2 protein chains.
Amino acid sequence: MASTIYERIVEDIRQKINKGIYAPGEMIPSENSLCREYGASRITIRKSLALLAEGGFIYSVPGKGSFVRKPNNDFHILHFNEMDIIKGHVDKIVLLGVKIIVPTGELIRQLKINKNQKVVVIRRLFYSKKDPFAYDVKYLPYDKCKPIVEEVIQYATFPELVSLSTPLFSLRKELTIGAENAQGEEQKALKVEKGHSLLVVEQKLFSDEDKPVGWGKIYYRGEYCHLRAVSSFNERVVKA
Amino acid sequence: MASTIYERIVEDIRQKINKGIYAPGEMIPSENSLCREYGASRITIRKSLALLAEGGFIYSVPGKGSFVRKPNNDFHILHFNEMDIIKGHVDKIVLLGVKIIVPTGELIRQLKINKNQKVVVIRRLFYSKKDPFAYDVKYLPYDKCKPIVEEVIQYATFPELVSLSTPLFSLRKELTIGAENAQGEEQKALKVEKGHSLLVVEQKLFSDEDKPVGWGKIYYRGEYCHLRAVSSFNERVVKA
DNA sequence: TAGTGGTCTAGACCACTAG
DNA sequence: TAGTGGTCTAGACCACTAG
């Protein structure tokens with residue numbers, strides 16, 4: 001049972017939306033009407049409406065009113081972290097190598113750097129028992145002032161690696177998830193036959209000013225790894 | 001430039017967090033201190049803090065104070081919709097068939113039904129130009145009262161299919177994303193060689209009471225389809 | 001006991017909408 | 001012009017925390 005006035009109001013309106021009493025696209029009563037209906041102050045009503053808006057149930061249009069949002073079940077929360085995904089069955093991480101290289105065309109494009117900007121390449125292999133099951137390659141613009149400490153690199157997530165130059169709070173990340181048949185360096189590293197199905201997660205990190213600060217791919221043996229996501233609809237209101 | 005008082009306060013505190021003036025785990029000044037510091041009322045300060053909390057920057061502990069959250073770059077927003085993903089290059093959807101079957105063991109487990117509960121199976125094939133590139137199978141508990149209209153089924157998303165029995169607002173969805181080598185019915189339907197890498201998205205839908213109301217898998221030819229996700233950190237505050 | 005965040009009220013002014 | 005949501009204020013009481 002909700003213990004506050006605004007929680008009771010949220011629950012009541014949420015149920016009216018669910019039952020279709022307030023239908024998608026339609027206007028719900030004005031704040032002043034709701035004040036009278038629930039015998040609450042406008043601030044309390046507004047607190048309830050703010051929660052409903054956060055939960056994706058309604059939206060407000062100044063000068064007009066609050067409207068029921070059309071349900072959108074497309075949004076999902078994906079919890080991804082190259083260390084976590086394998087939690088429970090990662091036994092060993094091997095740092096295959098750290099190199100400083102002249103950027104390839106692909107790297108110049110991805111990291112938006114010029115030819116003279118050297119790049120750090122980090123290659124790692126994740127093991128479950130004795131089998132390698134994930135091969136990870138990351139590229140970072142090389143900065144002479146930033147020391148490369150192998151012990152740190154070995155166990156770091158991508159955001160942690162770039163955090164030396166960019167505060168974690170302002171980091172933006174883009175993931176691209178796909179499936180590929182194993183070939184080239186990843187096939188050799190993972191010791192799978194050619195064509196083995198791999199789940200590939202490409203990560204691209206941006207600084208506060210939207211400058212790329214890291215790019216990389218991680219290749220998981222398909223049978224070892226799945227990503228899980230849950231629809232985010234009304235997530236927040238349910239929590240409240 | 002922020003036009004309201006609370007937006008200016010949010011921006012100021014956000015920068016202090018970014019610069020490390022307010023460090024992760026540490027307490028920020030109390031609401032009353034902030035009232036004095038910014039010359040604003042407590043409600044305005046609280047509005048700012050609420051936005052910062054929504055954005056994941058801080059959290060509050062009653063009786064103690066507000067604290068800077070440790071950065072978490074693991075959360076991502078994934079926009080998934082079996083129709084949208086292929087937007088731009090889907091030319092045809094073929095409804096391969098709609099059948100009513102006695103549930104297999106797997107279906108009994110997934111949908112938490114008993115042996116006597118029949119199940120509707122829907123199979124579709126998505127084409128780009130002349131090539132099939134996605135094979136979709138969905139299972140729904142069969143309900144005699146709900147008519148099966150083929151024209152509706154052909155173009156519906158999974159939530160739309162179950163919306164006949166469950167309001168869309170209360171729907172919860174779980175996705176499991178993986179990579180598999182093509183085999184069996186999906187290999188035949190997609191007309192790819194055996195072992196071809198497929199991106200597989202499993203969808204499971206739950207009603208308000210957490211009862212499974214749909215289960216299915218969609219198999220994408222790896223070279224045709226990628227899922228994109230972006231880190232959700234401070235998404236909301238940036239918008240504001 | 002002093003201080004903290006959480007809840008709630010009454011009241012004011014604003015820009016905007018729509019008849 | 002009447003009504004709407006957005007912003008902001010001053011003030012009150014509460015349960016909880018920590019010395």
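Remember, it's a predicted structure, so these values are computed and weren't measured experimentally. No hydrogens, no waters, no symmetry mates; every other heavy atom, side chains included, goes into these values. Below, chain A is the first sequence line, B the second, and so on; all start at residue 1.
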Looking only at non-hydrogen atoms, find the nearest pair between Leu140(B) and Gly214(B) and report the distance. CD2-CA, 4.2 Å
From CD of Glu31(B) across to C1' of dA15(D) the rounded distance in Å is 15 Å
Measure from OH on Tyr59(A) to C1' on dG5(D) and round the result to the nearest Å. 14 Å
Please work out whether the ring planes of Phe80(A) and Tyr220(A) are parallel, tilted or perpendicular, with thresholds of 30° and 60°. perpendicular
Ile5(A) has an atom CD1; how far is it from atom P of dG6(C), in whole Å? 17 Å
Between the side chain of Ser48(A) and the main-chain N/O of Tyr6(A), is any donor-acceptor distance below 3.5 Å? yes
Quick one: Ile9(A) CD1 to dC8(C) C1', roughly how many Å, whole number? 11 Å
For atom CZ of Arg36(B) and atom C1' of dA10(D), their distance in whole Å: 16 Å
Of the residues in residues 39-50 of chain A, which ones touch DNA chain D at a heavy-atom distance under 4.0 Å? Arg42(A), Ile43(A), Arg46(A)
Does the side chain of Val98(B) reach to within under 4.5 Å of the side chain of Ile153(B), using non-hydrogen atoms? yes
Tell me which of Lys64(A) and Ile28(B) sits closer to the 5' end of DNA chain C, going by the nucleotide each one is nearest to. Ile28(B)
Give the dot-bracket string for DNA chain D, reading 5' to 3', where a pair is Watson-Crick or G-U wobble with both distances under 3.5 Å, ( ) marks pairs inside the strand, [ ] marks pairs crossing earlier ones, | marks a partner on another strand, and . marks unpaired. ||||||||||||||||||.
Regarding Arg14(B) and Glu11(B), does a basic nitrogen lie under 4.0 Å from an acidic carboxylate oxygen? yes
Between the side chains of Glu37(A) and Lys16(A), is the shortest nitrogen-to-carboxylate-oxygen separation below 4.0 Å, so that they form an ion pair? yes
Is there side-chain contact between Val162(A) and Phe206(A), with heavy atoms separated by less than 4.5 Å? no
Atom CZ of Phe67(A) and atom P of dT4(D) are separated, to the nearest Å, by 11 Å
Using a cut-off of strictly less than 4.0 Å, decide whether Tyr6(A) has a side-chain nitrogen or oxygen near OP1 or OP2 of dC8(C). no
On the nucleotide dG3(C), are OP1 or OP2 found under 4.0 Å from the side-chain N or O atoms that Ser30(B) carries? no
Counting side-chain heavy atoms from C-beta on, which of dG6(C), dT9(D), dT4(D) comes nearest to Ser60(B)? dG6(C)
Would the distance check show the side chain of Glu7(A) and the main-chain N or O of Ser3(A) forming a donor-acceptor pair, the cut-off being under 3.5 Å? yes
Rounded to the nearest angstrom, tell me the gap between atom CG in Leu51(A) and atom P in dG6(C). 13 Å
Taking Asp12(A) first and then Arg8(A), would you say they form a salt bridge - that is, a charged N and a carboxylate O separated by under 4.0 Å? no
Nearest whole Å is fine: how far is dA10(C) P from Asn32(A) CG? 12 Å
